[in-house]
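Note that the numbering runs from 1 along the sequence shown for the chain. Each ligand, and each atom within it, is numbered from 1 in the order the structure gives. Remember, predicted model here, so these are calculated numbers, not experimental data.
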Amino acid sequence: MNASFDTIIIGAGSMGSSAAYFLSKTGQKVLCLDRYPAPHVFGSHGGQSRIVRKAYFEHPDYVPLLERSYQNWRILEEESGQKLYYKTGLIYLSSAQSEISKGVKHAARIHDLSLIDLDTESLNDKYSQFKSTQNKQILLEKEAGFVLPELTIQTLIKLSGNYGAIFRMPEIVQSWKVSGGVCSVTTNMGIYLSEKLIICPGAWSSQLLPDLNIPLKVSRQNLAWFETSSSSNFSMESFPCFMIDDDNHGLFYGFPELEPEKFGGSGGLKIAHHLVSDYVENLMEYSPDNKISQEEESLLRNILSTFLPEANGRLLNASTCLYTNSPDGDFVLDFLPGYHEKVIVACGFSGHGFKFVPVIGEILSDLTRKGKTDLNIDFLRLSRFA
Ligand SMILES: Cc1cc2nc3c(=O)[nH]c(=O)nc-3n(C[C@H](O)[C@H](O)[C@H](O)COP(=O)(O)OP(=O)(O)OC[C@H]3O[C@@H](n4cnc5c(N)ncnc54)[C@H](O)[C@@H]3O)c2cc1C
């Protein structure tokens with residue numbers, strides 16, 4: 001096959017499927033290629049749920065992007081008739097000196113976001129599941145919640161298809177080039193031509209973007225689901241998402257228990273450790289599995305037994321997923337230098353990109369069609385590494 005498109009998107013995962021939706025909605029002829037049939041478990045979007053929050057400790061400049069993302073989540077739900085976002089609230093639990101809680105408060109203050117300071121008593125009144133919270137800094141972000149990543153990608157692919165986007169998967173992109181003003185993409189099945197190219201291959205970014213010249217380190221991350229003493233006590237109607245910053249071991253985060261009948265999976269409370277340490281040097285040797293080391297399990301149990309003892313039951317399920325870590329933990333979103341704004345990259349989402357899916361897709365569409373975006377992405381551009 002040798003066909004021509006307005007835009008080819010490499011990677012139909014989180015960011016690629018969203019770009020396909022926004023571009024095809026404007027009438028562009030779009031081809032989206034993925035090495036696996038998305039959604040899938042081999043990249044960064046598997047594992048049932050993703051936290052969405054706005055008081056962004058990572059960098060306050062993300063907040064305006066999140067405001068747009070929240071709007072776009074709603075539009076996506078309305079257009080598809082599919083519920084994707086569940087507002088549960090989010091409890092941040094840490095010591096008073098925690099840099100994370102300082103960052104959460106700072107972002108909330110400068111962007112005038114609602115954030116409630118709770119004491120142990122008022123936390124107990126609302127969520128008696130949390131224990132050992134004396135002398136802790138407790139913050140509640142009421143507007144936060146979680147989204148369903150696999151269903152989001154399915155929905156984006158379906159809507160894009162309705163607007164005429166073509167998805168070819170599984171099909172592996174082997175190389176790409178720009179010559180004579182035309183982009184050409186070679187896969188294991190053919191060559192495709194386009195006016196513009198978006199490259200968002202997640203964990204495979206270094207392979208497809210050797211000119212990027214910034215180290216993107218891929219790490220393997222574990223997720224685990226533990227049985228609770230009472231599913232109704234930990235359901236999303238009675239329990240929030242949470243982030244616990246432990247002085248010794250760093251950040252842990254988790255979700256309410258989701259009914260398997262409605263959401264699939266094993267049930268149980270999902271918890272994970274946001275620690276980047278298990279680097280994947282060779283992606284060919286990585287395969288996702290449903291195991292978790294004894295050491296990791298005991299770290300998770302240590303947090304559960306201290307703060308959520310009624311959720312420290314049997315290990316029901318585990319899975320692995322990949323982070324693609326940029327050197328500073330911030331996303332990489334820009335034109336690739338040297339290609340006259342024909343090639344746009346979106347990568348290095350560093351384990352916190354999913355909540356931005358509907359705004360990144362819009363930005364990619366704007367950069368592709370208009371060469372600019374109204375949103376401030378200067379802090380995400382490649383020039384920061386110069
Ligand atoms: C365990 C875990 C927990 C997370 N929790 C949260 C959270 O709570 N909140 C949050 O906001 N974010 C969270 N994230 C981060 C978020 O999920 C990622 O930032 C986001 O999914 C990255 O999207 P992506 O498009 O870069 O990658 P992907 O969704 O993996 O998409 C990349 C796609 O490119 C395809 N591809 C690669 N190479 C090729 C090729 N050669 N040819 C064709 N296709 C190719 C891949 O198959 C893949 O489908 C979490 C991530 C993990 C792993």
Side-chain angles (χ1 to χ4, degrees), residues 8-20 31-54 56 58 62 65-66 69 73 90 144-150 152-153 156-157 167-176 185-189 198-209 216 218-224 241-243 251 253-255 270-276 278 280 283 288 318-326 329 331-333 345-361 364:
I8 296 178
I9 301 169
I10 303 179
S14 319
M15 307 308 165
S17 61
S18 183
L31 172 67
C32 202
L33 300 158
D34 204 293
R35 60 188 302 137
Y36 300 106
H40 58 77
V41 294
F42 302 98
S44 302
H45 56 255
Q48 192 178 42
S49 47
R50 293 288 186 267
I51 290 180
V52 176
R53 58 191 160 86
K54 233 188 255 177
Y56 227 60
E58 287 88 343
Y62 283 108
L65 301 183
L66 284 161
S69 200
W73 280 112
L90 169 63
F146 68 89
V147 288
L148 306 173
E150 293 89 349
T152 298
I153 292 173
L156 288 164
I157 291 175
F167 286 80
R168 289 185 60 93
M169 40 193 195
E171 187 160 337
I172 302 174
V173 174
Q174 293 165 331
S175 63
W176 61 270
V185 174
T186 302
T187 74
N188 58 334
M189 296 193 189
I198 297 176
I199 306 184
C200 47
W204 290 262
S205 296
S206 296
Q207 283 177 18
L208 284 160
L209 291 160
L216 292 174
V218 175
S219 61
R220 177 196 167 102
Q221 307 292 142
N222 299 310
L223 300 163
C241 292
F242 62 89
M243 297 188 100
L251 190 61
Y253 61 93
F255 300 78
K270 176 177 146 185
I271 182 168
H273 193 186
H274 185 64
L275 174 79
V276 173
D278 188 1
V280 179
L283 272 173
S319 72
T320 52
C321 190
L322 297 172
Y323 284 2
T324 309
N325 303 285
S326 74
F331 312 157
V332 175
L333 189 58
V345 290
C347 60
F349 287 94
S350 308
H352 61 111
F354 206 89
K355 62 187 78 61
F356 296 87
V357 157
V359 68
I360 299 290
L364 289 172

Test item, Tyr253 contacting ligand 1 (heavy atom, 4.0 angstrom): yes
Considering only protein heavy atoms, which is closest to atom 10 (C) of ligand 1, and at what distance to one decimal place? Lys355 NZ, 3.3 Å
Can you tell me which residue and heavy atom of the protein come closest to atom 20 (C) of ligand 1, and the distance to 0.1 Å? Ser14 OG, 3.6 Å
Angle class for the Phe331/His352 ring planes (parallel below 30°, perpendicular above 60°, tilted otherwise)? tilted
Under a plain distance cut-off of 3.5 Å, with no hydrogens placed, do Ser69 and Lys355 share a side-chain donor-acceptor pair? no
Hydrogens and angles aside, do Gln174 and Thr186 bring a side-chain donor and acceptor to less than 3.5 Å of each other? no
Does any N or O in the side chain of Ser14 come within less than 3.5 Å of the main-chain N or O of His45, such that one atom is a donor and the other an acceptor? no
Ligand-residue contact atoms, ligand 1 with Leu322, heavy atoms, under 4.0 Å: 53 (C)
Looking only at protein heavy atoms, identify the closest one to atom 9 (N) of ligand 1 and say how far it is in Å. Ile51 O, 3.0 Å
N/O donor-acceptor pair under 3.5 Å between Trp176 side chain and Leu208 backbone: yes
Suppose I only count heavy atoms of Gly43 and a 4.0 Å limit; which atoms of ligand 1 are within that range? 30 (O)
Closest non-hydrogen protein atom to atom 44 (N) of ligand 1, residue and atom name please, with distance? Arg35 N, 3.0 Å
Touching ligand 1 at all, Tyr36? Heavy atoms, strictly under 4.0 Å? yes
Who's the nearest protein heavy-atom neighbour of atom 2 (C) of ligand 1, and how far? Tyr323 CE1, 3.6 Å
So, the side chain of Ser350 versus the backbone of Gly348: is there a donor-acceptor pair under 3.5 Å, distance only? yes
Can you tell which of Ser69, Gly46, Gly351 gets a heavy atom nearest to atom 14 (N) of ligand 1? Gly351
Which atoms of ligand 1 are found less than 4.0 Å from any heavy atom of Gly13? 29 (O), 31 (O), 33 (C), 49 (O)
CZ/Arg35 to CG/Asn188 distance, rounded to the nearest 0.5 angstrom? 9.0 Å
Could you list the atoms of ligand 1 found under 4.0 angstrom from a heavy atom of Leu33? 43 (C), 44 (N)
Distance col, row Leu33:CG vs Ile172:CD1, nearest 0.5 angstrom, shows 11.0 Å
Quick one: does Ser44 get an N or O within less than 3.5 Å of an N or O on ligand 1? yes
State whether the side chain of Lys270 and the backbone N or O of Ser49 hold a donor-acceptor pair below 3.5 Å, judged by distance alone. yes
Under 4.0 Å from a heavy atom of Leu223: give me the atoms of ligand 1 that qualify, with their elements. 1 (C)
Run down the list Val173, Asn222, Leu208 and name the one with the heavy atom closest to atom 42 (N) of ligand 1. Val173
Minimum-distance protein heavy atom relative to atom 19 (O) of ligand 1: Gly353 N, 3.0 Å
Using the ring centroid of each side chain, check whether Phe356 and Tyr62 are separated by less than 6.0 Å. yes
Looking at Ser44 and Leu322, would you say the former's side chain and the latter's main chain have a donor-acceptor pair under 3.5 Å? yes
Does Cys200 come within less than 4.0 angstrom of ligand 1, counting non-hydrogen atoms of the residue? yes
Could you check whether the rings of Tyr253 and His274 sit parallel, tilted or perpendicular, using 30° and 60° as the cut-offs? perpendicular
Looking only at distances, can you tell me whether any N or O atom of Gly16, backbone or side chain, sits closer than 3.5 Å to an N or O atom of ligand 1? no
N or O pair under 3.5 Å between Trp204 and ligand 1: no
Can you find an N/O atom of Ser350 closer than 3.5 Å to an N/O atom of ligand 1? no
Backbone of Met15 reached by a side-chain donor or acceptor of Ser18 within 3.5 Å: no
Salt bridge or not for Arg50 and Glu150, using N-O below 4.0 Å? no
Looking at His40 and Phe42, would you say the former's side chain and the latter's main chain have a donor-acceptor pair under 3.5 Å? yes
Which atoms of ligand 1 sit under 4.0 Å from any heavy atom of Phe349? 19 (O), 26 (O)
Give me the nearest non-hydrogen protein atom to atom 6 (C) of ligand 1 as residue plus atom name, then the distance to 0.1 Å. Arg50 CD, 3.0 Å
Can you tell me how far CG of Asp278 sits from CD of Gln221, rounded to the nearest 0.5 angstrom? 8.0 Å
Out of Thr324, Ile172, Asp34, whose heavy atom is nearest to atom 48 (C) of ligand 1? Asp34
So for ligand 1, is Phe354 a polar contact partner (N or O within less than 3.5 Å, distance only)? yes
Take every heavy atom of His40, measure it against each atom of ligand 1, and state whether any distance is under 4.0 Å. yes
Proximity winner for atom 37 (C) of ligand 1, if only heavy atoms of Gly11, Pro201, Ser219 are counted: Pro201
Any heavy atom of Thr187 under 4.0 Å from ligand 1? The part involved is neither
Among protein heavy atoms, which sits nearest to atom 25 (O) of ligand 1, and what does the distance come to when rounded to 0.1 Å? Met15 N, 3.1 Å
Test item: Asp34 side-chain N/O and Pro170 main-chain N/O as donor-acceptor pair under 3.5 Å: no
Does ligand 1 have any atom that is closer than 4.0 Å to a heavy atom of Glu171? yes
